[in-house]
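A short worksheet on the structure shown next.
Because only heavy atoms are used, hydrogens play no part in the values below, and waters and symmetry mates are left out as well, while side chains stay in. All chains are named by letter (A, B, ...) in the order of the sequence lines, taking the proteins before the strands, and each is independently numbered beginning at 1.
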Amino acid sequence: MSYAHPEYLVETEWVANHLTDPTIRIIESDEDALLYAMGHIEGAVQVDWFSTLQHPLRRDFMTREQFEEMCSKFGITNNTIVIFYGDKSNWFACYALWLFQYYGHNNVKIMNGGRIKWEQEKRPLVKDVPSYARTTYRAKEADKSIRAFRDDIFQQIEKKKPMVDVRSPKEYTGEMLHMPNYPQEGATRGGHIPGAVSIPWSQAVNEADATFKTPEELAALYKGKNIKADGEIIAYCRIGERSSLTWFVLKYLLGYPNVKNYDGSWTEWGNLVDAPIEK
Amino acid sequence: MPCPNEIMSIPLKLQEIVDDFAGLSREEKIETLIAYAESLPPLPARFAEERAKMEPIPECMTPVFLFGEKQADGGIIFHFDIPPQSPTVQGLANILATGLNGCTPQEILAVPPDFYHTMNLQEAITQQRINGFMGVLAHMKQTAVNLMDK
């Protein structure tokens with residue numbers, strides 16, 4: 001058994017051998033944005049999940065025009081292979097990849113193991129921030145088929161379609177309202193969306209080197225909780241970043257055709273008036 | 001009722017750091033924060049046994065382990081154990097340690113939770129991460145309370 005779409009994954013070795021390949025652009029996307037300034041893969045540019053990828057005013061992502069401007073500035077063309085890596089088992093790398101998909105850039109890959117594996121292998125990191133000749137990037141219409149909004153969740157509950165809550169067990173049961181020290185990402189109610197099953201994101205990656213688990217392990221993990229290829233699946237977490245990783249696993253490593261990420265996630269649902277909650 | 005600003009105050013050393021940051025460019029802020037992260041001293045070996053007994057904080061939280069030691073003059077010295085994968089938290093913790101080491105529990109408790117607002121850190125790092133200051137400061141205040149009568 002192999003991954004359904006192995007072309008969405010690339011190994012550290014391959015990246016190390018393609019640092020000056022003009023057909024690729026490497027993007028670092030971290031939870032801790034200082035890591036890039038302390039050292040990054042040669043030639044990599046940085047996006048920050050909040051200051052770069054979010055809309056400065058509304059609770060939403062950057063607009064299509066802002067996305068085009070960012071890609072143009074990074075010298076990305078519509079044919080560039082964009083490779084993402086980051087800290088924390090590639091959470092925010094998956095989040096950035098999902099946003100690129102959202103605006104129609106399909107030529108994307110995750111570097112398996114991210115920063116953790118690259119550092120473990122003692123591969124070089126540099127501090128020079130590269131600059132690239134500007135391009136004129138044209139994004140596509142936002143692909144809503146990979147993004148769920150709150151109304152989709154109400155529909156999902158009514159139709160009893162599958163949902164995956166990828167947060168930690170204590171967040172799922174409602175014992176914990178938010179991560180300690182992250183009060184802004186909290187909610188006024190604890191628990192989970194009715195009908196959602198608990199499959200913490202971390203079960204999809206190997207703790208030792210942050211690489212993804214084998215196809216057999218992943219298939220057993222999700223099928224064991226009745227999350228199957230023929231389902232219309234929605235994944236969520238607290239702010240949509242951990243669930244981007246689960247979305248990536250279901251969509252590309254297992255090849256499930258219909259998977260959405262609910263980026264409103266618990267910070268929206270747990271604050272939404274009249275929304276049903278299970279504990 | 002007194003306004004909270006009247007009963008809260010920032011120790012001189014911490015105030016100096018806050019003022020220094022305010023005047024820095026974005027790049028200088030990042031460089032300074034990295035310098036604080038890189039100069040955070042490792043946890044002294046004498047805490048190893050106590051450290052081993054502490055439970056890590058689950059999931060995505062950066063595990064912040066901190067220890068306080070009361071000196072003969074009543075001042076507290078803080079020691080941290082924070083993984084190098086979280087330089088922002090290391091840097092914020094070292095700013096607090098540098099600014100507050102040697103202060104009495106009363107002085108530590110008097111630090112206003114929004115002391116960092118005038119540092120203008122949001123130009124350099126994400127607001128959500130700057131809020132880590134509040135978490136680390138709350139942790140230090142709890143440690144100060146625990147050491148108050150010792």
Side-chain angles (χ1 to χ4, degrees), chain A residues 29-39 46-54 56 86-89 91-92 95 114-120 125 127 129 166-172 175-176 178-186 200-203 207 210 237-239 241-243 245 267, chain B residues 24-40 54-66 82-96 113-114 120-142:
Chain A
S29 176
D30 293 319
E31 197 238 2
D32 193 322
L34 275 196
L35 287 168
Y36 177 86
M38 294 175 81
Q46 179 187 29
V47 296
D48 179 61
W49 67 277
F50 194 81
S51 56
T52 318
L53 303 182
Q54 299 278 319
D87 64 353
K88 308 256 173 176
S89 311
W91 280 356
F92 283 104
Y95 189 77
R115 259 193 95 99
I116 293 175
K117 185 155 187 272
W118 185 272
E119 286 183 5
Q120 282 174 353
L125 295 172
K127 292 194 176 182
V129 176
V166 316
R167 298 173 301 163
S168 56
K170 280 189 174 173
E171 290 173 280
Y172 179 80
E175 283 172 75
M176 197 153 73
H178 60 76
M179 292 297 161
N181 302 353
Y182 284 57
Q184 275 70 13
E185 294 171 13
W201 70 275
S202 55
Q203 294 180 4
E207 204 179 334
C237 59
R238 188 178 76 252
I239 56 169
E241 92 293 22
R242 288 174 284 179
S243 49
L245 184 140
T267 50
Chain B
L24 299 179
S25 69
R26 182 182 177 274
E27 284 67 31
E28 289 167 336
K29 282 191 175 99
I30 289 173
E31 281 167 26
T32 310
L33 203 52
I34 288 173
Y36 272 105
E38 287 177 336
S39 62
L40 180 71
M54 296 172 94
E55 280 190 28
I57 300 157
E59 195 67 7
C60 64
M61 265 302 300
T62 299
V64 176
F65 293 101
L66 87 86
I82 300 168
Q85 294 81 12
S86 300
T88 300
V89 185
Q90 281 189 322
L92 300 182
N94 202 17
I95 286 171
L96 282 164
D114 61 353
N120 292 325
L121 276 174
Q122 65 278 7
E123 338 173 312
I125 55 171
T126 302
Q127 185 64 43
Q128 264 79 348
R129 297 301 159 257
I130 302 169
N131 292 336
F133 255 142
M134 277 195 295
V136 177
L137 180 62
H139 209 141
M140 291 168 86
K141 286 187 175 184
Q142 186 57 52

Check whether any side-chain heavy atom of B:Pro84 sits under 4.5 Å from a side-chain heavy atom of A:Met38, and report yes or no. no
Closest non-hydrogen atoms of B:Ile34 and A:Ala37, given as atom of the first, atom of the second and distance, are CD1-CB, 3.6 Å
I'd like to know if the side chain of A:Asp32 pairs up with that of B:Ser86 as donor and acceptor (distance under 3.5 Å, no hydrogens or angles considered). no
Between [atom1] on residue [X] and [atom2] on residue [Y], distance to nearest 0.5 Å:
{"X": "A:Lys127", "Y": "B:Glu31", "atom1": "NZ", "atom2": "CD", "answer": "9.0 Å"}
{"X": "B:Ile125", "Y": "A:Asp48", "atom1": "CD1", "atom2": "CG", "answer": "10.0 Å"}
{"X": "B:Gln90", "Y": "A:Leu34", "atom1": "CD", "atom2": "CG", "answer": "10.0 Å"}

Flag the one option from B:Pro87, B:Ala37, B:Gly91, B:Ala124 with the top tally of heavy-atom pairs under 4.5 Å to chain A. B:Pro87
Check whether B:Glu38 gets within reach of chain A through its side chain, its backbone, both or neither, counting any heavy atom under 4.5 Å. side chain
